[in-house]
Structure formats: C-alpha cells, structure tokens
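Inspection log for the structure reproduced underneath, given as structure tokens.
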Amino acid sequence: MKTEYGKADQLTQYPQGHKGPAYVSISIKKEGAKARTSQNLLNVARMVNSAATEAEEIKPQGYGNFAIKFKSGAQANSFVSNENPTIKVLNAFIPKFRVQRRGIIKGVCVDHDLQNLINNTTSPCKILQAKRLNRRYRNNETNQIEWIPSETVLLTFEGTVLPDSIKLYHLIIKTVGVYVEQPRTCKNCYRYGHSAKHCRSPQICKHCGATDHTKEDCPSKEDVKCLLCKGDHRPFDSSCKQFQLQREIAQLMAHSNISFWEARDLASNSSPAFTTAPNPPPKTTEHFPPLKPTTPDSILSIKAYGGQQKPAPPFVWAKSHPVSPKPLNPLKNTRLQTHLPPKTALHSHRTRKQS
C-alpha cells in the first residue's frame, strides 16, 4: 500500500493573479560571499539593481541569506527565472511556506489507498500531496524501536490558507489541523537546524564536546551535561532551554506561516528565559567591607575629576567689587511701558492748561 501520493515540490512559483506583496529568498554562493553581512548586502543590492528588476526592498536573513520584496507574484516569478549573468552568483528561490500550507487529518485507516482517497475528496484548496506519517513502536520480542504507518495523513495544500475541514469520499467531514514539525537535530555536532547527513562540522562527543574521541570511548560518561545550555541533562532533552526555544520556533512557523528568522526573533523576544537574566543573590557585608567614616578633610570630588577619586581643592570665595545699578528708563522698559496710561487728546489738553 502506497504511503505517499503527489508531489509538493512541483509548486515553485507564485500562482497567476497573485496580488502581492511577493517575497523571494536568495543566498550567495561561496565564490561571491564576503566576510561581513553589510558587504554582502551592498553587493546583492547592486547586482539586483543592475539586473533591471522591479524589487522594492531587500533585508538580510542570516549570513549570506536575504529576502527581496516585490509588488506582485509575476515580478517575483520573473526574477527567479531571470538568466542575467550579473546575478549568477545568487541562488534565488521562492520558499515553500510562501506558496503552500501543510495540515494533518487523523483517523484514516492504514488499508486505505491515498491516491483513491485524495481523488475522491472535496477540498476548498487544491491538494498537492498526501503522505502517511509513521509512529514509534517498541517491539517486545526484540526490544527495539520500530517505525510503523499510523492513521495520521499529512496533506499539502496549494496557497497559504489552511482549510478548516475537507470531505473524504465527498461524505465524511474531517477537521484539518496545523502540522508542527519537530525540531531538526544533528547527532554529529549536537546542534539544531540540520541533520547529520548535511552537517559540515567535525564529529564531537556528546558527553564532553571533545573531537579526539567518540561518545563510546568518553572517560566522563557519568557526568551528564548539555553542550548547548550547560545544564545537567543530555542533549536534545525536553527540559533543555534550547530545545524549548526550538519547539516554540516550530510552533510559530506552523501557526503563523512565517519564516524561521521571523519566528526566531519572536520566540527570543517573548521567551523570559532568553530576555532577562535571573536576579543575582543579595549582597551582604561579606561582599563589601565597611567604608571608612568621612571627614570634612577627606571629601572627594568624583564628578569634577572624571571618575578619579582625588581630594577636592579648597573652596575660595571670589573677590567681587560692588557695582552700582543703573537707573531704569521707564520709557525703554517694556514692563513699565505696558502699565503707562495711553496718551489721549484730553490728557494733552489738560497739560497745556496747567502750564
């Protein structure tokens, strides 16, 4: 019985009529990469601009990776298929989460053919691929772990909208749940984000992190310690802070349909374990010896000497000479001028009569 039907990799471009904004991810090849991210950003912007594209904005996403924003999906598709020689050192592609969405349905018997099932299913979104997931099983006879087919089917839909439900055989309504992928772990370097098959780092011991011996020949097997968070547990343990962070990133990517870099920033800012450090223990007299009592002769001026504790110079009153104040002119003083009565014709007549 087939456990997979269809291909999700066939959708590598935005559909026709995509209004945008549309994004394209690019990575620099080794021959065109620079040492600094700012240098790579300027070089990529220069090459994209010289290719006469209609790009609006470019943002870095890690070392050697960038995201380019376009107004519509047609412009993004034309950039991916562009054969301009100036951008040959760039690998341009459209991420899968931009054009497709994955969900799961449960309760599908193992003896049902997926091809027949999908061909007779009513869905508001086109189904690109159906794959039956495996579950972990421990064989009691051999006492070994095996993977056997389960009743959960992974569906890949066209577009970025995940339908709430579909109809199997046009009659049975099945709720579509969000598929959250497990964090990828590497058993070669014991880090996250890739597998041992694509690891470029040398093999290290999971107990002490050394490269001169394997985990079987490690002299400190009993000293359990995580290589990432330095905790008292083994690597990839569920209680590890790094594992919890990677799991939160995977959940944000699945539910919000965003990239890894966006999910990592959101998870790092929202997780209290990575935003604030624990409060230090209170200080006592053991940490700080008692200060000597200050006297008027030993007063120090820290601000005046740029942080250096030196005796302040003696204060001397400046000699001042008495200065006689100048008389105020009421005609030139604006404050007095505002209180003077206005000159009228009656006032001038009385003045002439008295004289």
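We number each residue from 1, following the sequence as shown.
- V161 forms part of no hydrophobic cluster, judged by ILVMFWY side-chain heavy-atom separations under 4.5 Å.
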Item to check | Residues T156, I127; criterion side chain to side chain contact (heavy atoms under 4.5 Å, CB included); working and verdict | outcome: CA-CA 6 Å; T156 303; I127 300 177; over 6 Å; no
Determine all donor-acceptor pairs shorter than 3.5 Å in which one atom belongs to a side chain in residues 139-150; sequence neighbours excluded.
residue: N139; atom: OD1; partner: E141; partner atom: N; Å: 3.0
residue: N139; atom: ND2; partner: E146; partner atom: OE2; Å: 3.1
residue: N143; atom: OD1; partner: R138; partner atom: NH1; Å: 3.3
residue: S150; atom: OG; partner: L133; partner atom: O; Å: 2.5
residue: S150; atom: OG; partner: T152; partner atom: N; Å: 3.4

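- With sequence neighbours excluded, the residues satisfying salt bridge (charged side-chain N to carboxylate O under 4.0 Å, His left out) with K59 are E57.
- Here the side chains of V153 and L114 are in contact, with some heavy-atom distance below 4.5 Å.
- The hydrophobic clustering, which links ILVMFWY residues whose side-chain heavy atoms are closer than 4.5 Å, places L162 and I104 apart.
- R132 places a side-chain N or O within donor-acceptor distance of the main-chain N or O of V108, the cut-off being under 3.5 Å.
- Atom OG of residue S256 and atom CD of residue Q251 lie 10.5 Å apart, to the nearest 0.5 angstrom.
- With sequence neighbours excluded, the residues that form a side-chain contact (heavy atoms from CB on, under 4.5 Å) with N77 are Q13, Y14, I94.
- Atom-to-atom distance recorded for Q61:CD and R264:CZ is 10.0 Å, nearest 0.5 angstrom.
- The CD atom of E54 lies 14.5 Å from the NZ atom of K69; values are rounded to the nearest 0.5 Å.
- Partners of T122 according to the side-chain contact (heavy atoms from CB on, under 4.5 Å) rule, which considers only residues two or more places apart in sequence or in another chain, are K167, H170.
- Sorted by first then second residue, the ring-ring contact (aromatic ring centres under 6.0 Å, His included) pairs that include residues 74-106, not counting sequence neighbours, are F70-F79.
- Looking only at side-chain heavy atoms (C-beta outward), I26 and N65 stay at 4.5 Å or farther from each other.
- Judged as a side-chain contact (heavy atoms from CB on, under 4.5 Å), and not counting sequence neighbours, D164 has no contacts.
- By the 4.5 Å side-chain criterion applied to Ile, Leu, Val, Met, Phe, Trp and Tyr, I204 is assigned to a cluster that also includes Y190, Y192, L227, L228, F236, F243.
- Two residues are said to be in side-chain contact when any heavy atoms from C-beta on lie closer than 4.5 Å; I249 and L245 meet this criterion.
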For residues 176-185, dump all side-chain donor-acceptor pairs below 3.5 Å to protein atoms at least two apart in sequence or in another chain.
residue: E181; atom: OE1; partner: R102; partner atom: NH2; Å: 3.3

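- The shortest distance between side-chain heavy atoms of N91 and I28 does not fall below 4.5 Å.
- Panel note: side chain S78, backbone Q75; a donor-acceptor pair is recorded below 3.5 Å.
- Closest of all the heavy-atom pairs between P124 and S165 is CD-O, 3.9 Å.
- Shown here are the side-chain contact (heavy atoms from CB on, under 4.5 Å) partners of C125, two or more places apart in sequence or in another chain: S123, F157, P163.
- One finds the CE atom of M253 at 12.0 Å from the CG atom of L266 (value rounded to the nearest 0.5 Å).
- Between Y23 and I68 there is no side-chain heavy-atom pair separated by less than 4.5 Å.
- The side chain to side chain donor-acceptor pair (under 3.5 Å) search around D232 returns none, not counting sequence neighbours.
- To the nearest 0.5 Å, atom CD1 of residue I166 and atom CG of residue L155 are 5.0 Å apart.
- Distance alone, capped at 3.5 Å, places no donor-acceptor pair between the D237 side chain and the H233 backbone.
- Listed here is the closest heavy atom pair of S239 and Q244: O-NE2, 3.7 Å.
- Note that CD1 of I258 and NE2 of H255 are 11.5 Å apart. Values are rounded to the nearest 0.5 Å.
- Counting only residues at least two apart or in different chains, side-chain hydrogen bond (donor to acceptor under 3.5 Å, both in side chains) contacts with residues 197-206 comprise S195-H198.
- Contact of the E158 side chain with the Q100 side chain is not registered, since no non-hydrogen atoms from C-beta on lie closer than 4.5 Å.
- Inter-residue side-chain proximity for T175 and I105 is flagged as unmet; no heavy-atom pair is nearer than 4.5 Å.
- In this structure, L154 is not a member of the same hydrophobic cluster as I118, with clusters built from ILVMFWY side-chain heavy atoms closer than 4.5 Å.
- Of the possible polar contacts, none joining the D217 side chain to the H213 backbone as a donor-acceptor pair under 3.5 Å is found.
- Taking 4.5 Å as the limit, some side-chain heavy atom of C189 sits within range of a side-chain heavy atom of H194.
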